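Okay, so here's the structure we're looking at.
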There are 2 protein chains.
Amino acid sequence: MTDEALAFPTARHDHAACIAEALDRAERLCAERGERLTTLRRQVLELVWSGHAPQGAYDLLEQLGQARGRVAPPTVYRALEFLQAQGLIHRIESLNAFIGCPIPEERHSGQFFICRLCGLAAELDVGAIDRAIDREATRLGFTIERRTVELQGLCRACREAQA
Amino acid sequence: MTDEALAFPTARHDHAACIAEALDRAERLCAERGERLTTLRRQVLELVWSGHAPQGAYDLLEQLGQARGRVAPPTVYRALEFLQAQGLIHRIESLNAFIGCPIPEERHSGQFFICRLCGLAAELDVGAIDRAIDREATRLGFTIERRTVELQGLCRACREAQA
DNA sequence: TCGGTCATGTTATAAAATAACATTTGCGCC
DNA sequence: GGCGCAAATGTTATTTTATAACATGACCGA
């Protein structure tokens with residue numbers, strides 16, 4: 001894993017390579033775990049990876065319809081559920097949307113920086129943030145099971161474009 | 001503000017006092033700002049404060065119906081929007097629900113520890129967490145406008161009750 | 001008290017998610 | 001290869017959450 005995977009996506013990165021790598025890693029990871037990355041699940045994962053902006057379930061539904069004919073919500077939701085369970089995607093709570101995970105091999109929850117203008121999101125996984133949260137949890141006697149850390153605002157490119 | 005306001009609510013705290021204080025501060029704060037805390041808004045705020053568990057809009061809608069007769073969704077959503085704009089309540093994204101803010105005078109986004117068993121939530125506002133996040137934002141060149149930090153798990157009481 | 005603004009009421013609909021049951025597919029086993 | 005089970009997908013209906021658009025009412029200053 002290079003640092004690149006955990007930074008803000010640039011306008012000119014090779015996104016085809018992102019998709020290819022994501023699918024490849026998903027294949028490998030599911031194989032290792034004895035899980036089935038079916039055609040449907042693969043298609044949904046690919047659609048989630050169509051960009052670095054979180055995608056809503058109904059957007060995916062519509063796009064998926066082009067590949068498969070009429071598709072009902074549960075079809076997409078079940079695939080998303082599977083992908084999430086495998087750590088291949090994350091759900092962005094503040095957007096009701098999903099984004100591909102660049103480091104699915106390690107279980108983690110990530111911290112998401114989401115630009116309200118371009119819609120792009122960067123996933124980080126910064127130990128210092130987790131640790132600061134853990135300290136408070138310990139103090140409270142709270143056992144964390146799931147973390148949601150989402151920051152909305154302006155990415156550098158959009159802020160500079162504004163000014 | 002005592003530390004008590006920013007810790008896990010205990011089973012035996014004087015909740016009537018919580019409600020009274022919250023409404024009182026809301027009145028004062030709105031008066032200072034020249035905002036109108038109407039009967040409706042006050043009722044909704046009171047319902048949000050009916051406990052320390054985040055409340056869904058439709059739960060509030062139903063309860064509100066008992067006080068006002070039939071009430072339509074926009075009525076509640078608009079009141080919630082106002083209360084949120086004034087910092088009197090926070091929205092919990094991971095639950096689609098709302099919770100009263102114990103320190104509405106200072107603008108902040110808070111960090112929420114939410115127990116999946118008893119449903120209670122504690123709002124904290126820990127500088128170390130914000131700073132750890134800020135450092136990453138700076139590194140990315142990202143301008144944060146809105147923060148969502150929500151931790152789900154087990155509160156001490158529920159964990160101890162489990163074992 | 002007029003006129004404007006803000007708040008609320010009302011109706012309809014959009015958007016997001018899931019329940020329940022039917023059907024199909026993959027796969028180990030004989 | 002075919003049988004039978006379990007997992008995956010299809011299908012229909014419904015629930016839950018949220019908002020758009022327009023009508024009416026309340027407050028407040030000139």
Side-chain angles (χ1 to χ4, degrees), chain A residues 26-27 30-31 33-48 53-86 88-99 119 146 148 150, chain B residues 26-27 30-31 33-48 53-86 88-99 119 148 150 152:
Chain A
E27 290 285 7
C30 287
R33 294 179 184 163
E35 297 284 350
R36 291 164 55 192
L37 187 63
T38 61
T39 306
L40 173 65
R41 291 167 173 173
R42 200 171 197 288
Q43 283 178 322
V44 172
L45 180 59
E46 189 165 0
L47 288 174
V48 169
Q55 300 284 305
Y58 280 75
D59 295 339
L60 297 169
L61 188 62
E62 200 188 319
Q63 295 177 260
L64 192 63
Q66 289 164 19
R68 305 200 133 221
R70 190 184 174 280
V71 170
T75 300
V76 161
Y77 278 103
R78 282 189 294 228
L80 291 170
E81 189 180 18
F82 169 84
L83 296 171
Q84 232 186 321
Q86 297 307 317
L88 294 164
I89 63 175
H90 295 285
R91 179 183 163 83
I92 305 296
E93 298 291 344
S94 57
L95 296 178
N96 295 334
F98 299 85
I99 192 168
R146 194 179 127 210
T148 304
E150 299 171 10
Chain B
E27 290 286 5
C30 286
R33 293 181 186 163
E35 296 286 350
R36 292 163 56 189
L37 187 62
T38 61
T39 307
L40 173 65
R41 291 167 173 174
R42 202 173 195 287
Q43 284 178 321
V44 172
L45 181 59
E46 189 166 358
L47 288 173
V48 170
Q55 301 283 306
Y58 280 75
D59 295 338
L60 297 169
L61 187 63
E62 199 188 319
Q63 294 176 259
L64 192 64
Q66 289 164 19
R68 307 201 131 220
R70 188 184 175 280
V71 170
T75 300
V76 161
Y77 278 102
R78 282 188 292 228
L80 290 170
E81 190 180 16
F82 170 84
L83 296 170
Q84 232 186 322
Q86 297 307 317
L88 294 164
I89 63 175
H90 294 284
R91 179 181 162 86
I92 305 296
E93 298 291 345
S94 57
L95 296 177
N96 295 335
F98 299 85
I99 191 166
T148 304
E150 300 171 10
Q152 320 250 351

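Just so it is clear: chains get the letters A, B, ... in the order the sequence lines come, proteins before strands, and each one is counted from 1. This one's a predicted model, so the numbers in the text were calculated from it and none came from an experiment.
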- request: For the pair A:Arg146 and B:Glu150, find out whether any cationic side-chain nitrogen is under 4.0 Å from an anionic carboxylate oxygen.
  value: no
task: Go through A:Glu93 and B:Thr148 one step at a time and tell me if the side chain to side chain donor-acceptor pair (under 3.5 Å) criterion holds.
output: CA-CA 9 Å; A:Glu93 298 291 344; B:Thr148 304; over 6 Å; no
How close or far is atom [atom2] of [N] from atom [atom1] of [X], stated in whole angstroms?
| X | N | atom1 | atom2 | value |
| --- | --- | --- | --- | --- |
| A:Glu81 | D:dA7 | CD | C1' | 13 Å |
| B:Leu80 | D:dT17 | CG | P | 13 Å |
| B:Arg68 | C:dA7 | CZ | P | 14 Å |
| B:Ile92 | D:dT17 | CD1 | C1' | 16 Å |
| B:Glu62 | D:dT17 | CD | P | 12 Å |
| B:Phe98 | D:dT16 | CZ | P | 17 Å |
| A:Arg41 | C:dG26 | CZ | P | 12 Å |
| A:Glu93 | D:dA18 | CD | P | 12 Å |

- line: Of the candidates D:dA7, D:dT9, D:dA18, the side chain of A:Leu40 sits closest to D:dT9
message: Is the phosphate of D:dA26 approached by B:Thr38 (side-chain N or O, under 4.0 Å from OP1 or OP2)?
response: no
message: Strictly below 4.0 Å: does A:Arg70 bring a side-chain N or O up to OP1 or OP2 of D:dT9?
response: no
field: Residue B:Glu62 excluded, over 12 heavy atoms near CD under 6.0 Å
entry: no
- request: Please report the shortest heavy-atom distance between A:Pro54 and A:Leu95, naming the atom on each side.
  value: CG-CD1, 3.9 Å
task: Kindly give the heavy-atom pair with the smallest separation between A:Val71 and A:Gly65, and that separation in Å.
output: CG2-CA, 4.2 Å
Stepwise side-chain contact (heavy atoms from CB on, under 4.5 Å) check, A:Arg91 with A:Leu80: CA-CA 9 Å; A:Arg91 179 183 163 83; A:Leu80 291 170; over 6 Å; no
statement: Comparing nearest nucleotides in DNA chain C, the 5'-proximal residue of the pair B:Glu35, B:Asn96 is B:Glu35
field: Evaluation steps, side-chain contact (heavy atoms from CB on, under 4.5 Å), between A:Arg36 and A:Phe82
entry: CA-CA 10 Å; A:Arg36 291 164 55 192; A:Phe82 169 84; 5.9 Å; no
task: Residues of residues 72-79 of chain B with any non-hydrogen atom less than 4.0 angstrom from an atom of DNA chain C: list those, numerically ordered, please.
output: B:Ala72, B:Pro74, B:Thr75, B:Arg78
- prompt: Does the ring of B:Tyr58 lie flat against the base of D:dT17, closer than 5.5 Å centre to centre with planes under 30°?
  reply: yes
